[in-house]
Amino acid sequence: MSTPLLVHALAALTAPALAGATVLGLRVRRDRAGAAAGAERQRARISELEARCAELERTASCDPLTGVWNYRHLQLTLDREIERARRAEHADQADGPRPLAVLMLAIAGFDAVIAEHGRGRADAILRDLAQRLAMEIRRADTLGRYSGEDFLVVLPDTGAEGAAQVAERLVWSVRRHLLLDWSSGTREPRPVHGNGLTAAAGIAVLPEDGVHAAVLLRAADAALAEARAAGGDCWRISPRHPDRIATGLCTTVTSGTDYGPTAERDRSENPGSLSPCAGGDPLAQPVPSHTPASVAVPRDVLS
């Protein structure tokens, strides 16, 4: 076969192969582009699901009325901190086991607010007050709504003396809290002796008052009952505590977040924020940072 004929024959045989290779290359590029677009959609979907999951975790741990932690989160936090303290107790530590205090706070006076202004106004005042109390504790502490107008504070690395300082400050904050006022006219003068709200606090400390959550809560509740029997506006430490600190009316409170002697190891000197439930993993290790969030109620106060 002559050379020209051979060239034409090879060209005739090669043309379909080249066309097929071109089509195959285009198809591969199209499939790669589709796969990249699909992977991008999957990443966007995963990010959306993660955000929704984080929001569900946050709302599941937040009290919808006050914006602080709810009863479920308090239980989980208390169990976790007790386990930490018990592990430290069995560890070889020169300065001893980690202390842990539980403070139960009951606020009285909302019946009068409800009777005069209604449930909606009382709920707004309770939310505003809860946010104020959250600012009075450290970032490492946990304040949540226990039930009704009762709150529970879990204080890691805090003994009886430090918990007494916190109780004194919280009771004082309730008494002196500026109530919300939506009136457009002349405001009534603020009462000389407070706002009509008072608080009683009960303190229990691990291990003196127990090493289990239920036992600690019972001890704190018994101390709270003593404070209520004394007329409220005060705090009491658990009757079972061997070294009961002298208690009385809360008339003077020091500022800051120092909860006692150096032996009560404060791992976080940062104060709490306006809303302990504003985002973050509620069970993160260590205790999550709390970012501020605005309170959805007017900020006008009695002058």
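Positions are given from 1, in the same order as the sequence printed here.
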By side-chain contact (heavy atoms from CB on, under 4.5 Å) - contacts of A60 (at least two apart): R72
Answer yes or no: is there a side-chain heavy-atom contact under 4.5 Å between D233 and V171? yes
d(L105 CG, L224 CG) to nearest 0.5 Å is 8.0 Å
So does P156 get a backbone contact from the side chain of R138, meaning a donor-acceptor N/O pair under 3.5 Å? yes
Can you measure from OG (S238) to CE (M104) and round to the nearest 0.5 angstrom? 11.0 Å
Output all residues satisfying side-chain contact (heavy atoms from CB on, under 4.5 Å) with A213, sequence neighbours left out; order by chain, then residue number. L78, D79, I82
Residue list, side-chain contact (heavy atoms from CB on, under 4.5 Å) with A122, at least two apart or on another chain: F110, V113, I114
Walk me through it: do D141 and L143 pass the test side chain to side chain contact (heavy atoms under 4.5 Å, CB included)? CA-CA 7 Å; D141 301 333; L143 179 142; over 6 Å; no
Tell me every residue that passes ring pair (Phe, Tyr, Trp, His ring centres under 6.0 Å) with Y146, counting only those two or more places apart in sequence or in another chain. Y71
Which ring pair (Phe, Tyr, Trp, His ring centres under 6.0 Å) pairs, counting each pair once, include a residue from residues 40-67, with sequence neighbours left out? none
L133 versus S173: any side-chain heavy-atom pair under 4.5 Å? yes
Mind listing the closest non-hydrogen atom pair of V215 and D209 along with its distance? CG1-O, 3.3 Å
H212: side-chain hydrogen bond (donor to acceptor under 3.5 Å, both in side chains) partners, not counting sequence neighbours: none
For A227 and C234, the nearest pair of non-hydrogen atoms, with its separation, is O-SG, 3.7 Å
Of all heavy-atom pairs between A204 and A220, which one has the smallest distance, and what is that distance? CB-N, 3.6 Å
What distance separates W235 CH2 from L170 CG, expressed to the nearest 0.5 Å? 12.5 Å
Nearest heavy-atom contact between T66 and A130 is CB-CB, 3.7 Å
Nearest-0.5 Å distance that lies between atom CG in L206 and atom CD in E208: 7.5 Å
Nearest 0.5 angstrom please: L155 CG to I137 CD1, how far? 7.5 Å
Taking only residues two or more places apart in sequence or in another chain, which ones pass salt bridge (charged side-chain N to carboxylate O under 4.0 Å, His left out) with D150? R228
For L65, give me all partners under side-chain contact (heavy atoms from CB on, under 4.5 Å), at least two apart in sequence or on another chain. D63, D123, L126, R145
Quick check: closest heavy atoms across I203 and A167, and the distance to 0.1 Å? CD1-CB, 3.8 Å
Residue pairs passing the side chain to side chain donor-acceptor pair (under 3.5 Å) test with at least one member in residues 35-50, sequence neighbours excluded, are E40-R43, R45-E48, E48-R52
Partners of E83 by side-chain hydrogen bond (donor to acceptor under 3.5 Å, both in side chains), sequence neighbours excluded? none
Pairs satisfying ring pair (Phe, Tyr, Trp, His ring centres under 6.0 Å), at least one member in residues 37-63, at least two apart: none
In terms of side-chain geometry, is the basic nitrogen of R121 or E116 positioned less than 4.0 Å from the acidic oxygen of its partner? no
For L217, does its backbone N or O pair with a side-chain atom of D221 as donor and acceptor, under 3.5 Å? no
Candidate pair L26 and R30, rule side chain to side chain contact (heavy atoms under 4.5 Å, CB included), full reasoning: CA-CA 6 Å; L26 293 174; R30 184 184 62 188; over 6 Å; no
If you round to the nearest 0.5 Å, how far is CG of L103 from CD1 of I237? 10.0 Å
Given L100 and V154, is the side chain to side chain contact (heavy atoms under 4.5 Å, CB included) satisfied, shown in steps? CA-CA 8 Å; L100 173 67; V154 180; 4.0 Å; yes
In the structure I gave you, are the side-chain heavy atoms of T77 and W69 within less than 4.5 Å of one another anywhere? no
Within the structure provided, determine whether D128 and R132 are in side-chain contact (heavy-atom separation under 4.5 Å). no
Of all heavy-atom pairs linking G159 and P99, the shortest is N-CB, 4.0 Å
